[in-house]
Amino acid sequence: MSERRKPYPFDQIEPKWQARWAAAQAFHAPNPGEPGFDATRPKYYVLDMFPYPSGSGLHVGHPEGYTATDIIARYKRMRGFNVLHPMGWDAFGLPAEQHAIKTGEHPSINTQRNVDNFRAQLQRIGFAYDWQREVNTTDPGYYQWTQWIFLQIYNSWFNPRSQRAEPITTYTGSDPDSVRLAYVAEAPVNWCPALGTVLANEEVIDGKSEVGDHPVERRPMRQWMLRITAYAERLIDELAGLDWPTGIKLLQKNWIGRSEGAEVHFQIAESDQRITVFTTRPDTLYGATYMVLAPEHSLVEHIVTEEQWPAVRDYRERTARKSDLERTELAKDKSGVFTGAFALNPVNGQRIPVWIADYVLLGYGTGAIMAVPAHDERDWEFARKYGLPIREVVSPTPTLGLGGSGVCEAEPLECFTGDGYAIHSGPLDGLPTADAKREIASRLTQDGLGRSTITYKLRDWLFSRQRYWGEPFPIVWENGRHRALTEQELPLNPPELADFKPSGTGEAPLAKATAWVRYSEGATRETNTMPQWAGSCWYYLRYCDARNGDRFVGEEAERYWMAGSINPQSAIPNPQSKGGVDLYVGGTEHAVLHLLYARFWHKVLFDLGQVSTPEPFQRLVNQGLILGEDGQKMSKSRGNVVNPDDVIVEYGADALRCYEMFMGPLEATKPWSMNGVEGVARFLARVWRLVMEENQAGEWVLSPVIQDVAPDKAQLKVMHATIKKVGEDIEELSFNTAISQMMVFVNAFIPANPRPRAALRVLLQVLNPFAPHLSEELWERLAFDETAPLASEPWPTYDPVFLIEDEIEIVVQVNGKVRDKIIVKKEATKDEVEAAARNSAKIAEWTAGKEIKKVVVVPGKLVNLVVG
RNA sequence: GCCGGCGUGGUGAAAUGGCAGACACAAGGGACUUAAAAUCCCUUGGAGCGUAAGCUCCGUGCGGGUUCGAGUCCCGCCGCCGGCACCA
């Protein structure tokens, strides 16, 4: 690209202001107790989802959300808030480790390089971050506290009576290890051979790893788990008070998957064993014609008959070998094997066969079901395939006279899964489904055969990884038992290694550091590391007090930034803030993982009295995806990735910022357009030329048309309308329309001669959050304030008086169609407006010879004449 | 299959139930210039009528409904995008 003249010298003014901000620490927010802290101002905490500093640097998707929060941060500062607006790095993760495996270079070196690059890129965009609060999850001063929080979790249990986490010392049972919020379990896990590690359910997509798309198989392994299921109820209920998009709330709700139903116990015939099932349709109990256990269910070996053993064993092995992917792919074609055992239906003593089948999952409910093929699609399909009986017990309509059970029980022709009325169900007959559920549950409870219960899809969080580049667990093993390190032993640093490869056996890379693993005579360290989510579960808390060496966050700082309270006695939030992070902006990809995990950790810390709000993020906004110029998702392979650095070189950081916001609504998915960037750059150049003009020598000098004259009436209206609209639009995160309004302003003032200084002052003030470099530069050149930068000016106020016209245009409609426009005085009464409308010659034409049946007058807006 | 979200000019989009298309992009025309770039001005939803100022009709995915009035609210479809998916 040939060097062409810049429409305005952004290449000089942007680095100049960035250097000044850095030198002055212009956007540092002091904590309570620090010099410069102003306790009279309310707090505003505006947070970005911190990035993983990848080797490829920023793409234009990053600055979308970051610019939105930056505008809010700068605006709220001007509005008199103490603004917390920090940035940091989610720097543990697989790519750095894989780079280390390839090159032998320690992952911290590569990570540091990437972090430096990301920081430089963000600083070139001119974000108003408080860089003194920068955090890095791989910094020992940070992960020390990640490990510390893990210990809080490890040393707690969930007391079902209080419904909260309590120190493990309050547990009075015999086996505290069985109730800890962090525990070890031998469980079938998602093992990914290619990555050499296990993965959380959430990290497995369609049977393949989310990272790298490698196949994943089930394998039983000893793993650390976090008891997030204990919080299932609260994680759902407490969503209600949050200002989150309803879609995200629903996603979390569905992920947690609460379902109400009942547990029912079935006795195994000729055995002392019993099977407990979970069902949401206990009202169909009379229709249970067989049972199914998950193939891996521990009861299987106790009940299977000798002659069925070979078939059962064979089926179990085949199932175990199947990856999740195969299990999903084969979902359409159900398979199973009869165990040879029979169970007794607790309500009628009927003998029904017990099968195993992989359409029943070990991890959900009790891992066993009663099958009611007449009223469940899956059971229906299975029963048809294996010729099992189908018994109808719910009728879609109240059928009178067919109540007598035992008679006339022809198999139904199709499966009916809706609600209806119980039939062939003894005492339930005739009851609508909801009543039948209640009735049977109370009967089962009375007879000790079952009870009402609630089940969740959510599983406990598999929290260990066989990786090098993660937080080591602050745990040692002695005589087969785990115990916690003391706080004084933190941070526990990972060992130096020459080779970062996983062993491939499922043993973690840390196991290779034998000297490190040996803790003492007879005690060894845990060799797993924590997943990447660990560090991001609490980084927003660390920002509140990022350099605190004694605590994960100082109490006073936490109380102020999270609860808005400067009262040491209580955490009663400031009425201006609902508490928590006031605004959190990030992508939808974190809707269930990060946001659920972080809420869980926060609630544990809240229960333990470590933080003062029950929820971390009060308001959440998802920015939409930015597509490539071709309308496709940006990717290296498509070659449609836009690098913000290139945009800055060509058009400047302010143009990048403004274009990102002008593209469309923040939450919408929208394609990039370089032409669009150019259009916004043109707007900024017009702002520049509103103040500056080029002299004969080609130098930029203050425009002589700028004079200290009073703006005229029309100009005042534009000025005040702009202050009003830009302010309101920022509050609503409607940045694209705010920029439109500023364009209207500029279009109105470009022809003005003389050009009133006062008008320019207003424009620079409202433009500042969007284009901070340009507006500061012009502010300085116009010398509006010799000492203070524009960024610390208060937001201008508007006077509605200037928005009202003396005469207003009224639309006159006939039968809802616009037929004329009339001008009336602003104080005209309804009757006067109506009279004026009737007086219009055009209207007379349209209403000639017709009867005016009705007149609607909307003051200041329109008159509608209804004729017939 | 289930649950969300979205359908408006050539394009990105705007519109507390009250003039559909603000603001931009692209396109076309003009001014300035030796020329180009930059800049400035004008036209630009579709169809039709008029020499002209202008006027008329149609138009927000499709079909109904509520209302004086619907892009906006309600019901039923169609299409696209995202999430979940044997969850008993």
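All of these numbers come straight from a predicted model, not from anything done at the bench. Chain identifiers are assigned alphabetically (A, B, ...) following the order of the sequence lines, protein sequences preceding nucleic acid strands; residue numbering begins at 1 within each chain. Values reported hereafter were calculated over all heavy atoms of this structure, with side chains retained and with hydrogens, waters and symmetry mates removed.
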Kindly say if [X] contacts the phosphate of [N], meaning a side-chain N or O under 4.0 Å from OP1 or OP2.
X         : N      : answer
Lys842(A) : C55(B) : yes
Arg689(A) : A38(B) : no
Ser259(A) : A88(B) : yes
Asn736(A) : A14(B) : yes

Problem set entry | Dot-bracket pairing map - RNA chain B, Watson-Crick plus G-U, both contacts under 3.5 Å, | cross-strand | (((((((..(((.....[....))).(((((.......))))).(((((....)))))..(((((..]....))))))))))))....

Exercise. Quick one: do the Thr737(A) and Asp729(A) side chains pair a donor with an acceptor below 3.5 Å?
Worked result: yes

Which atoms of nucleotides 26-30 of chain B (N or O only) lie under 3.5 Å from a protein N or O atom, and what are those distances?
{"residue": "A26(B)", "atom": "OP2", "partner": "Arg682(A)", "partner atom": "NH2", "Å": "3.4"}

Dump every N/O contact between nucleotides 56-60 of chain B and the protein below 3.5 Å, one line per pair.
{"residue": "C57(B)", "atom": "OP1", "partner": "Arg819(A)", "partner atom": "NH2", "Å": "3.3"}
{"residue": "C57(B)", "atom": "OP2", "partner": "Arg819(A)", "partner atom": "NH1", "Å": "3.2"}
{"residue": "C58(B)", "atom": "OP2", "partner": "Lys817(A)", "partner atom": "NZ", "Å": "3.3"}

Problem set entry | Check: Glu660(A) and Gln623(A) side chains under 4.5 Å, non-hydrogen atoms | no

Please list, pair by pair, any protein nitrogen or oxygen found under 3.5 Å from a nitrogen or oxygen in nucleotides 64-68 of chain B.
{"residue": "C68(B)", "atom": "OP1", "partner": "Lys854(A)", "partner atom": "NZ", "Å": "3.3"}
{"residue": "C68(B)", "atom": "O2'", "partner": "Asn864(A)", "partner atom": "ND2", "Å": "3.2"}
{"residue": "C68(B)", "atom": "O2", "partner": "Asn864(A)", "partner atom": "ND2", "Å": "2.5"}

Please tabulate, for side-chain N and O atoms in residues 680-689 of chain A, each donor-acceptor pair with protein atoms closer than 3.5 Å (sequence neighbours left out).
{"residue": "Arg686(A)", "atom": "NH2", "partner": "Asn747(A)", "partner atom": "OD1", "Å": "2.6"}

Exercise. Is the NZ or CZ atom of Arg599(A) both under 6.0 Å from the centre of the six-membered ring of Trp255(A) and within 45° of that ring's axis?
Worked result: no

Seminar exercise, completed: Considering only heavy side-chain atoms of Val818(A), the closest of U16(B), C84(B), A20(B) is A20(B)

Exercise. What integer distance in Å separates Tyr8(A):OH from A37(B):P?
Worked result: 23 Å

Seminar exercise, completed: Letter by letter from the 5' end, nucleotides 1-11 of chain B scores (B base, S sugar-phosphate only, - none; protein heavy atoms under 4.0 Å) --SS-------

